[in-house]
2 protein chains.
Amino acid sequence: MQTIAPELADLAALIADPGRAGILTRLMDGRAQTASELARVAGITPQTASWHLAKLVERALLQVERRGPRRLYRLATPLVAQMLEGMMTVAAIDPHPSRPQPRIDAEMRRARTCYDHMAGELGVAVTEAMLERGYLELDREAGALTAAGTVFLGEFGIDLRSQPRHRRVLCRPCLDWSERRPHLAGRAGAALAALAFQRDWIRRRPQGRSVEITEAGLAAFRTLFGARI
Amino acid sequence: MQTIAPELADLAALIADPGRAGILTRLMDGRAQTASELARVAGITPQTASWHLAKLVERALLQVERRGPRRLYRLATPLVAQMLEGMMTVAAIDPHPSRPQPRIDAEMRRARTCYDHMAGELGVAVTEAMLERGYLELDREAGALTAAGTVFLGEFGIDLRSQPRHRRVLCRPCLDWSERRPHLAGRAGAALAALAFQRDWIRRRPQGRSVEITEAGLAAFRTLFGARI
DNA sequence: ATTACGCTTCGATCATGATCGAAATGTTCA
DNA sequence: TGAACATTTCGATCATGATCGAAGCGTAAT
């Protein structure tokens, strides 16, 4: 009867190590990283990282790609990212509300990517602005793009109607672990983030998952979207 | 920068023990269970279970309620259930496709509840039938109820329009770990499961999360929903 | 009050896996 | 071929936490 429980425990054990958790967190932006970089952010030696990475690949949480003498690691599927999202949401809940909240890096809280979409204050602000303007319907469980929203995104060249079978079902709420409020994920969220990178509204910082909002981006999010940020 | 990683590791460590994983799995149906029952399904002694349960409550994954000499444990929030859903989905992925799949209990695979909605073959079949009839739009990431779907559910007395702010956004896809296909979750999924229990289409089995499909239920799912089950 | 029962606490034992230095492997480039 | 560099493998050490018997505690019923 409990047939899935052992597999669940094994999977959790894989994430239960601080080193591996750091590696997975670093890979949450969906990009590939070298073994050395992952060792650095996890605060462990390359040997130890190598051992951890082998386990993660063995269990198919990560994919590895050889590029010359380096090896690039990335999350194996979006399913893994979604799982980590869910875990982070719970991990961010303080079991003892009286105690001081764990400090979250300011840049990280301001704006970051969550696999393929925008998160942090930026992600939440853009999402709430779109909600207020009636472009979006979203709660903690589900989301939908309205007709007005489809038109709005279409003006930026985002055409989500290309997939015939999926008309409105392009939104997914992703509960932001730093803001405790849902932000826009799913196909629409990914398209929006891609647009923001393309128009140089946001730029990836050289290290980490946090992104920088450019001056043009700040203006665009405020005037075009009405985001309070 | 990696500020969430240690919390993620701690959370995962809590799930990484087979005993605790068994307990959490057992509680996935959203109901409360006694400490003894949880010890039994996890295959551990009551002392050990008590120790595990204390840790899970301490970390706020579980809520405990005293009823007389017994203590009833339940998942603290739906967020925990959603997290476990996501983990089970990944846990069910076989990292080595060549090897034999882990055996899943037949009753469990046939029909079970996943926190507040139907899952297993039943959940998937009902979802697919609703998709085919155009009541639903759903992919792996998002879902929406169509106008026809709202009318259809309305005929069963399910009125999802009661919450003014949420019109169509009542569906959430939940990737079924035994079927590898999405089934209907979210508010609509919960309402549908409640209806099925109320009309005695499905009955909870005394032990475990699996449910029994009654003869009337089989007929209803087939004729009223067009489910191939 | 006493008994019965469910649950928890304590304490001793045991097993697992993370860690890093040292050395080996493998790849690219000159 | 040889040098430089990224990564992995090996081996020894170390730390953490799961386990259950025995005992204690709290609640409800007689």
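Chain naming here is simple, since letters A, B, ... match the order of the sequence lines and numbering starts at 1 in each.
Rounding to whole angstrom units, CG of residue A:Leu14 and C1' of C:dG17 are separated by 12 Å. At whole-Å resolution of the value, CG in B:Asp10 and C1' in D:dG17 are 13 Å apart. Rounded to an integer number of Å, the gap from A:Trp51 CH2 to D:dG11 C1' is 14 Å. At whole-Å resolution of the value, CD in A:Gln47 and C1' in C:dA24 are 13 Å apart. For A:Leu53 and C:dA18, the CG to P distance is 13 Å, given to the nearest whole Å.
In the set D:dT27, C:dG26, D:dT8, the nucleotide with an atom closest to the side chain of A:Arg71 is D:dT8. Here C:dT8 is the nucleotide among C:dT8, C:dT19, D:dT8 with the atom lying nearest to any side-chain atom of B:Ala35. For B:Pro69, whose side chain is taken as the heavy atoms from C-beta onward, the closest listed nucleotide among D:dA28, C:dT19, D:dG21 is D:dA28. Minimum atom distance to the side chain of B:Asp17 is reached by D:dT19, of the listed D:dT19, C:dT9, C:dT19. Distance from the side chain of A:Arg20 is smallest to C:dA18 among C:dA18, C:dA22, D:dT19. Nearest to the side chain of A:Ile44, among D:dG26, D:dA18, C:dC20, sits C:dC20. Listed nucleotides: D:dT9, C:dT27, D:dA18. Nearest to the side chain of A:Arg66: C:dT27.
Regarding contacts with the backbone of C:dC20, a side-chain N or O of A:Thr45 is found under 4.0 angstrom from either OP1 or OP2. Within the structure, a side-chain polar atom (N or O) of A:Thr48 is placed less than 4.0 Å from OP1 or OP2 of C:dC20. In terms of phosphate contacts, A:Lys55 brings no side-chain nitrogen or oxygen within less than 4.0 Å of OP1 or OP2 of C:dG17. An OP1 or OP2 oxygen of D:dG17 is reached within less than 4.0 angstrom by no side-chain nitrogen or oxygen of B:His52. OP1 and OP2 of D:dG26 both lie 4.0 Å or more from every side-chain N or O belonging to B:Arg70.
Remark: side-chain polar atoms of A:Thr214 are paired, donor with acceptor, to backbone N or O of A:Asp200 under 3.5 angstrom. Formation of a donor-acceptor pair under 3.5 Å by the A:Arg180 side chain with backbone atoms of A:Ile93 is not found in this model.
Ring pair B:Phe156/B:Trp201 is perpendicular by interplanar angle, where above 60° counts as perpendicular and below 30° as parallel.
Judged by distance alone, the side chains of A:Arg112 and A:Ser178 do bring a donor and an acceptor atom under 3.5 Å apart. No hydrogens or angles considered: a donor-acceptor pair under 3.5 Å links the side chains of B:Arg205 and B:Ser210.
Residue-to-nucleotide proximity on DNA chain C shows that, of B:Ala54 and A:Ala13, the 5′-proximal contact is made by B:Ala54.
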